[in-house]
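Working notes, beginning with the structure itself.
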Amino acid sequence: MSGLLGLYNYWIVIILMMTGFYAVIARPNLIKQIIGLFIFQTSVFILFISMANIEGGTAPIIKEGIRLYSNPLPHVLILTAIVVSLATTALGLALVVRIKEAYGTINEDNIHVQDEED
Amino acid sequence: MLISDLPVLQVVIPLAAAPVCLLLRNPRHAWACALIASWLVLAIALMLVQRVHAVGTLSYAIGAWVAPWGIEYRIDMAGALMVLVVAIIGALVMPFARRSIEHEILEKCTGLFYTCYLLCLCGLLGMVVTGDAFNLFVFLEISSLSSYVLISLGSRRRALTAAYQYLIMGTIGATFILIGVGLLYMMTGTLNMVDLSQRLPEVANTRTIMAAFAFVTVGVSIKLALFPLHQWLPNAYTDAPSVVSAFIAATATKVGVYVLLRFFFTVFGMQFSFDAMHVGEILMLLAVAGILIASLVAVFQDNVKRMLAYSSVAQIGYIILGISMASAAGVSAGMIHLFNHAMIKGALFLAIGCIFLRLGSAELRDMHGLARHMPWTMAAFVAGGLSLIGIPLTSGFISKWYLASAALSGGYWPLVVLILASSLIGLIYMWRVVEVAYFHVPGTMMHKVREAPAVMLIPTWLLIGINLYVGMDASLITDITRQGAEILIGEALQ
Amino acid sequence: MFIAISAVILVAIAIGLLRAFLGPTLYDRVLAANMSGTLTVLMVAVLGFMTGRPEFLDIALVYVLISFVSTIAVLRVCGTGCGASRDPEADSGEG
Amino acid sequence: METVIYILSWIFLLGGAIFLLVGAIGILRFPDFYTRLHAVSVCDTMGAGLVLAGLMLQGGFSLVTVKLLLIFYFMIFTGPTAVHALAQAALQGKLKPVVDEHEQQ
Amino acid sequence: MSNLKHAFNMTLFLFAIWLLLSGHYTLLLLIFGLLSTLLIVLLAHRAELIDREIHPVLLKPSLLPYWLWLAREMIKSNIDVSLRILNPRMPISPKIFTVRAGQKTDLGRVTYGNSITLVPGTVTVDVDDDIFTVHALTQEAAADLESGEMNRRVCNVENVF
Amino acid sequence: MSPELTVLACVALPLLAPALITALHRWPNPRETATLLTSGCLFLLVYSLHDDVLRGSRPAIDLAEPLPGLKIGFEVEPLGMLFALLASFLWIVTSVYSIGYLRSHHEWRQTSYYSYFAVALGSAMGIAFAGNMFTLFVFYELLTLSTYPLVTHAGDDNAREGGRMYLGYLLGTSIILLLLALVWTWSLTGTLDFRAGGILEGVVTPGVAGILLVLYIFGIGKAAVMPFHLWLPAAMVAPTPVSALLHAVAVVKAGVFTVLKVVIYIFGIDFLANIPVTQWLMYVAAATILLAAIVALRQDNLKLRLAWSTISQLSYIVMCALLVTPLGIVGGGMHIVMHGFAKITLFFCAGAILTATHKTRISELNGIGRHMPWTMAAFTVGALSMIGIPPTAGFISKWYILLGAIETREAVAAGVIIMSTLLNAAYFLPIVYVAFFRTPNDTLESMPGHNTRDTDGEAPPLVVLALTVTAAGTLALFFLPDLPLDLMLQLSGGSP
Amino acid sequence: MEILIDTILLVLLMITGFSIVRMRSLLAATMLTSIYSLLSASLFVVLDAVDVALTEAAIGAGISTILLLATIALTTDREKPPQRTPMLPLIVVIITGMALIYGTLDMPHFGNPQAPVHLHVAPAYLHDTPGEIGIPNVVTSVLASYRGYDTLGELAVIFTAGAGVLTLLGYRTRGGNSMDPGIRKLLILRVIGKLFFPLILLFALYVQFHGDYGPGGGFQAGVIFATGFILYALAFGLGNAQRLIPHQLLRIMVAFGMLLYIGVGIESMLLGGKFLEYNVLADDPVSGQHLGIILIELGVGITVASVMLMIYYVFRSRQPEGDL
């Protein structure tokens, strides 16, 4: 892998991240935003895991006869981050349910209209 | 458990108390549990300040794994001050909380409320003392998630949208921080802040580090509600339960500022942050814009909590302004204001909490002639307001004084005028409340209103007392902040 | 060789994805998702052999279970209420 | 013997891959939801079975084989159940199957 | 009494699976395995899931002929369906019809239903007591099923349970 | 009691008085007695200090030091002594007047009125005795805040409007300009103490000193130098005793007093004399004198005319200060006292007229001197003093001011003083004239709802008593100016 | 050659991502999200991150899809077309993306063994784990011991989410044995559920206790365990599931897991070590580490399983009666 070819991997991941990010900030539907957030975060995880990769390496479970392992630290970090992302998703969805009950809609534009009427 | 375990204990105690609270069915018991935990935290915080003062920066390797391999807790003077701020607010809010929560939150949620409260406390403390960039992210999320829940407990339905908005923005911010930390890790191979700071100079001029810097800065800025990333804040503070507004307004954004300080000075180093990235200029611009615009917006708010929320955005601008000067005087001024503003906003929101308890509203139009019926509460509010404006003999004056003189010595002329002029805008919005409460004829509904109970007034006045004490004798706090600023800047110079 | 097998499986997944985009009904999408799950299981198994660490089969096992439960969940949780007639994609094409 | 097993395993794997691909093509080509179910069945049974069998031969007899068997066992049960549940839901959701009118008469 | 036997069978079965999965036979892990198995049996007991219809019955050696027959059927119909998929004209003639299941037990019916689905070309669409609605890809597949051979074989299997 | 403690008591006593007054809010008579007692005690306390000060001692006490170089502390020096004496003496008189005035108007919220009044006086004491600029600033702000409720006492929208303007101007200028000047001074010198000869000399360049001076002069909004003067007419919505004591004496004099203090103790006269900006600022003050006098001429409302006159007269003192000569300082100091007595008399009279006849406009006052001879006689004395005609106190201060102007060869200043004297005469003498020599306007008296009985005779006795005392004081000070003069001479350190 | 598979997967992810944004049916978007998650899990396998892959699959394709579905069932499936112009978000996104791409320009190339990440801290973990911790799975050793405190934080996050969801949505008990009307039709599902419920639980416990040796650990185990119960609830109705594991028990388990973890930390402090210093838990440091890791993984597993299940209960119990 030479030159910029060694980086295209990251670029695709960045495009993925931005796809999710776009859904978060551009879509008025709350569930869609949560989905966007999920994609955004998952893509960030991919970025981390990509950086842990080592050419010719293998999973960091020590075994006789294997010399080269991938970096375990990002894996650990991402394990934690996945959990955090799940927690956020769960909480966000719970809020969405409550918002639906209180406003009768989960469209941000409609909610703003109702808020202004208050 | 020895005295050396204090750094970790103060985070672990609320963390351990949280599940206990979840188990306790009786709201009173849950409250008592949270109360004990928060007071223990305060006691530990005081001991920590004393110890840091005596022996200098503390370092605690969790699990006995030394620094870059394990997670390190690191408390220097600035950190100790932050711990103290969080602990004071956390401890004083608790006695206040019982009555207020009984009034504002459904009984079945009470135990859960205290659980979330303790988690939030734990998250904030963890963010302050940690010396590990990723651990910071984890504790940031603990505090954020719990504060989303706390905010959503507000009595109006708008609290839900406010919490949701905060959740979205907060998560974006946290993810940005995560990206930034990831990029940093990618270039250095370490997550420990001190280790990072030693390894960064080698790779400082890479574009990756610049991107990392940008992402961390933006991410943290969302958390600390730096203008124009503050949109979540006014709604969140307005619609949250009173106790939550007080606690979060006084601590969460402040801890965010502290994290920013850590990154700028400890991790990236002053030279990189301010000379290479020119973050000082950008921050200064945003701070100025934030101060002016948020103050002006605050003037036009009819809900007092919302007004205070916008005022918070402006006040954060002051803190950032101090930091953006990148001088020992500026940073220490910023930190003084950080402490003072935490106390002021805490007191003001508690006072509003008292009013809310009796009036069931924080709207200006409902407060006509309130001072007659709640003299102590309104007096506290006025005292806090004066401090917010920066009237002499209050803590707000001290911080504005330091800010102004830091700006003067840095040669930022217009800033001085701005600082003073904006405190005048502060006067305008605070005065609107005073005028309504003191100089208007009470409404017909008012005769039923009584003074708030003592358990709520005493914490409020304790905070006011801290304000006034600092206003009278700021030597203690300026000592601490000066040391803190010197350590921060000194680390940058090494 | 394993590479070739994995590549074929990936192509199959891609085709499944195409069905998931095209719909037209929700059930088609769920079906596609379910098939992608099966294919992923197989791919993971093959990958385990490719990298010489067949203990990764645990992951494949998890996938089997998870994809099954989530397929059931779609149908049970959204029930018949989310029927084909209400699939907005069917009448509007795309968002 | 080893060579035979080796070659056999690759035949299985390739065959499985082909069936998987065919199943995928089926899910794309078939005209309606209910017919697509059959294509998925092809994947679930033949495709998966052959690939796993190929892998079993590759791995020799060990715990790995057991796990592969377990996977297969799981798939044999979960696959049709999922397909059935889907079909049932679709039917209850008033999704009309396309049937061959001509043959019906 | 019989319940206890089923529970014991289940424990054995689960522990066997554990051993097959584990691959590490240290004392600690064996103890964990045993504890896990017991916990699960306890849970299953509480959920009233322990009766005749538990896994081991599906693995009885006497069922082998049926499994082999089913495998042959599957291979046959798989090839058939695959060819139809690949055929550019796609010669299919979908049909939906009902068959009557002759089995008495739930497990038997499920075996029948899933067997129908497992054989490509036919899918069990709905189960209503003993009336199964089936979707077939071709008339031939439908005819095969309607011939009732599978039903008969599954009924035989049921007796083994 | 040691002088240090006395100083402290002087500040603390009026600040604590509200507690007593509030405690007695159910019983009007003891409440007013408490006010009178406090004011009396205060005056005695202040007076007891004056000997020490004349003998050259400077009782000082420091309370706290919030920041290094920023102290809360008191120190008595002659100028402050003078101001304190004036304010505390006039408080007694005003208290007497207030009792009569408020009761006859059946004003509401009398308790809070007396309380805030006491706090305002306490702040004035704090200003007078402040040992450094920071303390002065603190009490300066406290004075603004404590007088706000008095200004808006009426509680209607009009009053609130006026109150907002009052607050906006005073706090605005003090925070933006004065505080800026303070911060700057502190960052340059590290202290804000009042020191003889100033603290800035040798530390700053004349250019910076010029900017600072501008900041100080305009920052002290209470001195009402144009263009920051509009709060004063706006504050006239207040009840008359408030206008009388606060807006003729305590507040505005606190302003010019601060100007004097800044000139003397922060800059130092000698240093200031070398700064070109000083002269320009003096011209601003001079312009204010003339312009305000011209505006006063056009006012029909009596209180407003007095207010504009106050603006004009305040700038006298500012101008004196900016003459930067010892004689000017003496003149300024004297004018604080002389103008204080005269202006309070005039306001008292305006209040008396309002109480007795419900009239506020000059054009309605035809022949009122016949009904209220005492009041109008006092008014005449006050007016003469304002113009500076002997034998009234105003003459003495004007004399010194003129001397100062001549000494520095400031032709403009001298000219302005003479011009303004003419203008003073032009807007005061007509009032005296119509009061005594015009026949009463019958159409007004017979207006429906007008209580004709009130027009026959004087205001309540307590009111008349108060204004008589101040008028007498105005006359007496002409003959016995020793007390203020000694103090001022001690300050300027020599003979005139 | 892995790079080829890696690339194809990334492209597939990209396509999936785009179509998720475009989909207007939320259910369809959810299904695609589940596929997205599964694909990224596969990518993790390709990139050797097996533990992460396990977790991502269990969470992304499993529990979070189920939660999304439950939310959609409670709200709506239809997304209205946006009224706002997407220009501003687009600009923000493009700027952010450009900043990131700019940042990548100086990055070490993908898989480069000389990258700083492979030189500094991580090698020590790989090198020291056998000696210091004594287990082959380095991810577990880092997770549970070297950075065990992060994991405690992670557990606290999950705990917060559980408490938060409970606070927000409250909890309603279902009438005991009631099965919804449609359940008669679910014969096949019920029987298969009955057969697989114990197997899934067994597998979860296997993952729990073999985290030291292979992919897995308390977290994954907890999620799989909860998934087993979710399957049970799906097949037999929520009421039965709640009877099997009552809410109150869940609440206790949630707290118990947390307290177990913290308790291990406190215990090591009481024994004279630092917080979470497992070395002191037994005479021999390595067996101390082992004991500590088993205990805290157990704590994680218990809390995660109960929180997941609790969240599921809470969401589902909000559904109107008879619609389960």
Side-chain angles (χ1 to χ4, degrees), chain A residues 1 6-7 9-12 14-16 18-23 25-29 31-32 35 38-39 42 46 49-55 57-63 69-73 75-76 78-80 82-84 86-87 89-91 93-98 100 106-107 109, chain G residues 10 13-14 17-18 20-21 26 29 33 36 40 43-44 47-52 55-56 59 64 67 71 74-76 79-80 82-83 86 89 92-93 97 100-101 104 109-111 113 117-118 121-122 125-126 130 136-139 142-143 147 150 154 157-158 161 164-165 168-169 219 311:
Chain A
M1 284 298 142
L7 296 173
N9 207 297
Y10 298 132
W11 294 346
I12 300 181
I14 289 167
I15 294 173
L16 289 177
M18 291 307 119
T19 312
F21 188 34
Y22 177 78
I25 58 178
R27 283 316 186 112
N29 185 291
I31 292 182
K32 204 57 175 286
I35 291 178
F38 180 81
I39 292 174
T42 308
I46 299 177
I49 297 301
S50 314
M51 85 173 78
N53 190 43
I54 192 164
E55 225 171 330
T58 173
I61 299 172
I62 307 280
K63 193 179 175 187
Y69 298 98
S70 279
N71 188 339
L73 187 51
H75 299 179
V76 175
I78 289 318
L79 275 177
T80 306
I82 289 177
V83 176
V84 170
L86 170 67
T89 309
L91 210 53
L93 290 176
L95 273 170
V96 170
V97 170
R98 286 287 305 276
K100 165 75 178 179
I106 54 166
N107 187 297
D109 300 332
Chain G
L10 279 174
L13 277 170
M14 202 158 69
F18 281 142
I20 290 170
V21 176
L26 293 174
T33 311
Y36 187 91
S40 49
L43 189 60
F44 293 151
L47 296 176
D48 302 328
V50 279
D51 281 273
V52 182
T55 318
E56 177 66 32
I59 287 181
S64 67
L67 287 184
T71 312
L74 288 169
T75 53
T76 174
E79 183 190 16
K80 291 203 186 92
Q83 294 164 353
V92 171
V93 164
L100 265 174
I101 288 178
T104 59
H109 286 177
F110 178 68
V117 276
H118 301 308
V121 173
Y125 292 142
L126 289 167
N137 189 349
V138 183
V139 174
V142 177
L143 184 87
R147 295 186 71 89
D150 264 353
E154 161 196 333
V157 170
I158 266 300
V165 171
L168 278 168
L169 296 184
F219 190 77
I311 292 177

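What you see is a predicted model; the values in this text were computed from it and never measured.
Contacts between A:Ala52 and chain G at a heavy-atom distance below 4.5 Å involve the backbone alone (N, CA, C, O). For chain G, the nearby part of A:Ile35 is the side chain; its heavy atoms alone come within less than 4.5 Å. With a 4.5 Å cut-off on non-hydrogen atoms, A:Ile14 touches chain G through its side chain but not through its backbone. Interface remark: A:Leu93 contributes backbone and side-chain atoms alike to the contact with chain G (heavy atom separation under 4.5 Å). For A:Phe38, the part lying near chain G is the side chain, with the backbone staying farther off; criterion is any non-hydrogen pair under 4.5 Å. Contacts of A:Tyr10 with chain G are made by side-chain atoms alone, with heavy-atom separations under 4.5 Å and no backbone atom involved. With a 4.5 angstrom heavy-atom cutoff, A:Ile46 touches chain G via backbone and side-chain atoms both. Both the backbone and the side chain of G:Phe18 have a heavy atom closer than 4.5 Å to some heavy atom of chain A.
The CD1 atom of G:Ile59 sits 4.5 Å away from the CG atom of A:Leu86 when rounded to the nearest 0.5 Å. Rounding to the nearest 0.5 angstrom, the gap separating the CG atom in G:Leu143 from the CG atom in A:Leu73 is 10.5 Å. In this structure, CD1 in A:Ile49 is found 9.0 Å from CG in G:Leu43, a value given to the nearest 0.5 Å. The CG atom of G:Leu126 sits 11.5 Å away from atom CD1 of A:Ile61, with the distance rounded to the nearest 0.5 Å. Between atom CG of residue G:Asp48 and atom NE2 of residue A:His75 there is a gap of 7.0 Å, rounded to the nearest 0.5 Å. Separation of atoms CG (A:Leu79) and CZ (G:Phe219) is listed at 8.5 Å; rounding is to 0.5 Å.
When all heavy atoms are compared, the tightest approach of A:Leu91 to G:Ala161 is CD1-O, 4.1 Å.
Among the candidates G:Val121, G:Ile311, G:Leu13, the residue making the largest number of heavy-atom pairs closer than 4.5 Å to chain A is G:Leu13.
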